[in-house]
Each structure stands twice: as structure tokens, then as C-alpha cells.
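Quick one: the structure is below, and I'll ask about it shortly.
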Protein chains: 2
Amino acid sequence: MIGMNDDAVFRALADASRRQLLDRLYDQNGQTLGELCQGLEMTRQAVAKHLAILEEANLVSVQWQGREKLHFINPVPINHIAERWINKFERRQLSALSALKKALEGDSGQ
Amino acid sequence: MIGMNDDAVFRALADASRRQLLDRLYDQNGQTLGELCQGLEMTRQAVAKHLAILEEANLVSVQWQGREKLHFINPVPINHIAERWINKFERRQLSALSALKKALEGDSGQ
DNA sequence: TTGACATGCAACCAAATAGTTGCCTATAAG
DNA sequence: CTTATAGGCAACTATTTGGTTGCATGTCAA
């Protein structure tokens with residue numbers, strides 16, 4: 001759990017443009033900066049800044065391919081928050097479910 | 001789902017002080033402003049502003065009792081986000097669980 | 001009624017944020 | 001080699017944010 005910074009994740013998720021970028025990456029993973037810019041009412045530099053913030057929060061990882069920078073969504077921090085923060089508030093209703101979930105995860109292997 | 005504003009919820013959750021206030025309310029629900037201030041390195045007015053933001057995001061509801069304002073945590077918006085945003089990223093692993101969860105919720109009544 | 005207590009309201013301030021523009025670097029293609 | 005393309009870096013700006021101080025209002029208790 002090294003480099004896991006809840007605060008950075010929450011702050012990254014606080015901006016609608018960044019959530020939109022994550023949505024776009026969810027629809028099609030591995031897009032370049034240029035592709036992610038298309039159709040947005042923002043300069044490329046603004047988008048790049050948002051992506052940098054998502055990268056810093058470890059919500060997006062990148063991979064260079066020649067002069068292109070491919071962006072991949074990373075679900076780990078979101079799951080992490082869901083685990084240790086959000087589930088807290090549904091523990092009462094879902095306590096029974098929690099054990100089952102762990103069991104299923106262990107079963108599916110990843 | 002009236003008044004349900006994802007953006008306000010995400011922005012409210014982005015601040016560590018506000019998350020701390022939610023944690024405190026989780027530990028003991030129905031605290032007054034004064035109680036919530038104790039031990040925090042902030043003025044009462046600063047805390048009041050944070051609580052107002054949490055109220056506006058519908059994460060906290062209040063109830064006046066004489067001259068005291070009691071604060072109660074409201075888990076609905078957090079569950080909402082978990083449902084339609086966060087679960088998205090764990091759908092693959094948990095798709096089987098989703099139906100069961102709905103079934104359990106329907107079963108328990110609230 | 002008077003004083004203490006719980007909270008609200010408003011003005012103000014510093015720092016962070018989201019965005020811009022302009023220019024630089026590196027890779028690919030003709 | 002030259003040019004177009006993909007992206008990075010830095011300076012600057014306006015707005016939002018988190019916090020402060022000072023004062024006003026409403027409620028309980030003596």
C-alpha cells in the first residue's frame with residue numbers, strides 16, 4: 001500500500017472534468033492526450049494538467065509509445081477508498097455481504 | 001433522487017477536515033457544532049462553514065433543539081456515489097454480487 | 001430582566017485551483 | 001534535412017477556497 005494517498009485521490013475526484021476524463025478512459029482505455037482532448041472545451045494544456053493530477057493520485061498510469069503518451073485507468077485507488085471509507089457507511093446493511101465479497105474475490109483469483 | 005448532486009458530494013468529500021467531521025459524526029451521531037469543534041485547530045466559524053458545505057451536499061442533516069443544532073450523518077449520497085460511480089470500476093469482479101445486494105436491500109426494508 | 005451560551009452573518013485575506021498563452025523538445029514522415 | 005505532429009514547461013490571470021475577525025441574533029437559566 002505504498003504511495004496510497006487518500007487525500008490526493010479524493011481531491012482528484014473532486015473535479016468534474018477529471019471525472020469525465022476517467023469516464024472516457026473507462027469507455028476506451030489507453031487513449032493519447034490528443035484523443036482525450038477531442039470534443040472538450042479546454043486547451044490541450046488544461047487537459048494535460050488534469051491528467052497529471054490523476055496520475056499523481058495514481059488513478060491513471062501512462063505508457064510512452066514513441067511520441068505518444070497512452071493513458072490507462074487504474075481502479076486500485078478507487079477500490080481502496082470504497083473499501084476503507086465508503087463501505088464504512090453501509091456496513092450495517094451490508095455486513096453479511098462483506099465476507100461473501102472477499103470470498104468471491106479470493107475465488108476469481110485477481 | 002431529487003436534489004442529488006454528485007458534484008457537490010465529491011467536492012464536499014475532497015477536504016480532509018470535512019472527512020474528519022464525517023468520521024466524528026460516524027463515531028457519535030447528533031453532535032452539536034460546539035461538540036464538533038472540540039479538539040480541532042480551527043475556529044468555530046470555520047467548522048460551521050465546513051458543516052454547511054456537508055449540509056448542502058446532503059451528507060449531513062441537522063435538527064434544531066432549542067438553541068442547539070444537532071448534526072446527523074446521511075449515508076444516502078455516499079451510497080449513491082458508490083452505486084453509480086465507484087462500483088463501475090469493480091463491475092467485472094463484482095457483477096454477480098450486484099443482484100444479490102439489491103435483493104438483500106429489498107429484503108431488509110430500508 | 002439580565003447575563004451567559006450556541007449559533008449565524010458579513011467582510012476580509014491568503015493560498016490554491018483551473019484555466020489561458022507562448023514557446024521549447026522530441027519523434028515520425030516525406 | 002525539413003516539416004508536421006505529440007507532448008512538455010513556464011509565466012500569468014481570475015476565481016474559488018479555507019480560514020480569520022468582529023458583531024448580531026436567539027435561547028436558556030438565575
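Here is the naming used below: chain letters follow the sequence lines, and residue numbers restart at 1 for every chain.
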Whether R44(B) contacts dG8(C) is assessed here as follows: a side-chain N or O lying under 4.0 Å from the phosphate OP1 or OP2. Is that the case?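 No, R44(B) has no side-chain N/O under 4.0 Å of OP1/OP2 on dG8(C).
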Are any non-hydrogen side-chain atoms of R18(A) and H50(A) less than 4.5 angstrom apart?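 Yes - at least one pair of side-chain heavy atoms lies under 4.5 Å apart.
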Looking at the side chain of L33(A), which of dG8(D), dG19(C), dG18(D) is the nearest nucleotide?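 The answer is dG8(D).
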If you assign E41(B) and G66(B) each to the DNA chain D nucleotide with the nearest heavy atom, which residue ends up on the more 5' nucleotide?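 Taking each residue's closest nucleotide, the earlier one in sequence belongs to E41(B).
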Under-4.0 Å side-chain N/O to phosphate OP1/OP2 contact, K49(A) with dC9(D):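 No, because none of the side-chain N or O atoms of K49(A) sits under 4.0 Å from OP1 or OP2 of dC9(D).
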Strictly below 4.0 Å: does R67(A) bring a side-chain N or O up to OP1 or OP2 of dA4(D)?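 For R67(A), the contact criterion (side-chain N or O under 4.0 Å from OP1 or OP2 of dA4(D)) is not met.
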Given dT7(C), dA18(C), dG7(D), identify the nucleotide with an atom nearest to the side chain of D15(A).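 Looking only at heavy atoms from C-beta outward on D15(A), the closest nucleotide is dA18(C).
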Is there a side-chain contact between R24(A) and D27(A), using heavy atoms and a 4.5 Å cut-off?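 R24(A) does not reach D27(A) side chain to side chain.
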Looking only at the side chain of I53(B) (C-beta and beyond, no hydrogens), which of the listed nucleotides dG18(D), dT20(C), dG7(D) gets closest?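 The listed nucleotide nearest to I53(B)'s side chain is dG18(D).
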Please figure out whether A48(B) or H50(A) has its closest DNA chain C nucleotide nearer the 5' end.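 Per heavy-atom nearest nucleotide, the more 5' residue is A48(B).
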The side chain of Q45(B) lies closest to which of these nucleotides: dA18(C), dG22(D), dA6(C)?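 Nucleotide nearest to Q45(B)'s side chain: dG22(D).
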T43(B) side-chain proximity, nearest of dG26(D), dT21(D), dT7(C):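 Shortest atom-to-atom distance from the side chain points to dT21(D).
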Could you please name the option among dG19(C), dG7(D), dG8(C) that lies closest to any side-chain atom of S17(A)?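 In terms of side-chain proximity for S17(A), the closest of dG19(C), dG7(D), dG8(C) is dG19(C).
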